[in-house]
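Quick one: this structure, given as C-alpha cells, is what I'll be asking you about.
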Amino acid sequence: MYRSFRAALCCCALPLLADASEHPAQNALLDMSVEERKVAFTRVLLTSNQACGGGVRVLIDAERFDLNNNAYWYMACGEGEQYEVYIRPDASGSTHITRCSVLAQYGLNCPAELDSD
C-alpha cells in the first residue's frame, strides 16, 4: 500500500519542494492547516483503496521518526477505522498505511488520543 504523498499534496496546491530539509513531505504537512492535512490524508487513503467513512476525524503527528527517518502520523475516521501512516523522506514522500487493528494483532497500538475527539 505504498503511495506517493506528492499526488495528494499537489491536489491541495501545495507541492513538495526539492530543496526542503531532510524530510520535505513532513515539512509540507506541517506547513498546512489542520483541514488541509485532513484533505491530504483522505486523498492518500482513497488512492490506497482504504475506506475512511465520514472523513478524517482526528489527525495526530506523532512527532517521531524511526531509524530510517520515516515520519509517523495517525488518523481516526468518522466511522471508527484508525490508521497509522508513515511517510518516507524520499523525493516523492511515499507512504505506507496500516490499520491500527492490524498493529494491535502484533501488540502495537495507535495513540490513545485517537479514541477521543
Side-chain angles (χ1 to χ4, degrees):
M1 288 188 288
Y2 297 101
R3 296 287 180 238
S4 173
F5 210 75
R6 181 184 301 265
L9 294 176
C10 290
C11 292
C12 296
L14 293 168
L16 294 176
L17 302 175
D19 62 346
S21 71
E22 295 180 32
H23 208 303
Q26 177 75 345
N27 292 336
L29 283 167
L30 294 174
D31 286 341
M32 292 180 184
S33 70
V34 171
E35 289 307 312
E36 289 170 328
R37 283 193 293 265
K38 286 182 179 183
V39 168
F41 277 100
T42 298
R43 286 188 176 132
V44 168
L45 286 173
L46 288 173
T47 61
S48 300
N49 296 319
Q50 299 296 310
C52 194
V56 175
R57 179 176 53 88
V58 179
L59 187 61
I60 298 172
D61 170 14
E63 297 182 13
R64 77 174 175 91
F65 296 87
D66 63 18
L67 295 176
N68 294 317
N69 202 26
N70 295 316
Y72 285 79
W73 287 77
Y74 297 88
M75 67 186 85
C77 298
E79 293 181 354
E81 190 63 65
Q82 299 176 346
Y83 297 92
E84 173 190 78
V85 179
Y86 73 76
I87 305 169
R88 290 186 174 88
D90 57 25
S92 65
S94 55
T95 59
H96 182 80
I97 302 168
T98 307
R99 291 177 187 261
C100 292
S101 57
V102 172
L103 292 174
Q105 294 174 7
Y106 297 95
L108 304 170
N109 296 308
C110 288
E113 294 90 355
L114 284 176
D115 293 328
S116 61
D117 193 11

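Everything numeric here is computed off the predicted structure, so don't read it as measured data. Along the sequence shown, the residues carry numbers beginning at 1.
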Value rounded to 0.5 Å, distance of CG in L59 from CD in E35: 9.5 Å
The criterion is side chain to side chain donor-acceptor pair (under 3.5 Å); which residues satisfy it with N68, sequence neighbours excluded? none
Treat each ILVMFWY residue as a node, draw an edge where side-chain heavy atoms are under 4.5 Å apart, and state whether Y86 and Y74 are in one component. yes
OG (S101) and CD (Q82) are apart, to the nearest 0.5 Å, by 9.0 Å
Does the side chain of E79 reach to within under 4.5 Å of the side chain of C77, using non-hydrogen atoms? no
Decide yes or no for I87 and S94: does some side-chain heavy atom of the first lie under 4.5 Å from some side-chain heavy atom of the second? no
Do you reckon M32 sits in the same ILVMFWY cluster as M75, going by side-chain contacts under 4.5 Å, direct or chained? yes
Could you see if F41 belongs to whatever hydrophobic cluster contains L30? Use Ile, Leu, Val, Met, Phe, Trp, Tyr and a side-chain cutoff under 4.5 Å. yes
Answer yes or no: is there a side-chain heavy-atom contact under 4.5 Å between Y83 and C110? no
Testing the basics here: between R57 and G78, what is the closest heavy-atom pair and its distance to 0.1 Å? CB-N, 4.1 Å
Check G93 against A25 and note the closest heavy-atom contact, atom names and distance. CA-CB, 3.9 Å
Interatomic spacing from CG in L29 to CD in Q26 - rounded to 0.5 Å: 6.0 Å
Flag, side chain of R37 to backbone of I60, donor-acceptor distance under 3.5 Å: no
For P89 and P24, the nearest pair of non-hydrogen atoms, with its separation, is O-CD, 4.2 Å
Kindly compute the distance separating CZ (R99) from CD (E84), expressed to the nearest 0.5 Å. 13.5 Å
Taking the side chain as every heavy atom from C-beta outward, state whether I97 and L45 have any pair of such atoms under 4.5 Å apart. yes
Is there a side-chain contact between V58 and E113 (heavy atoms, below 4.5 Å)? no
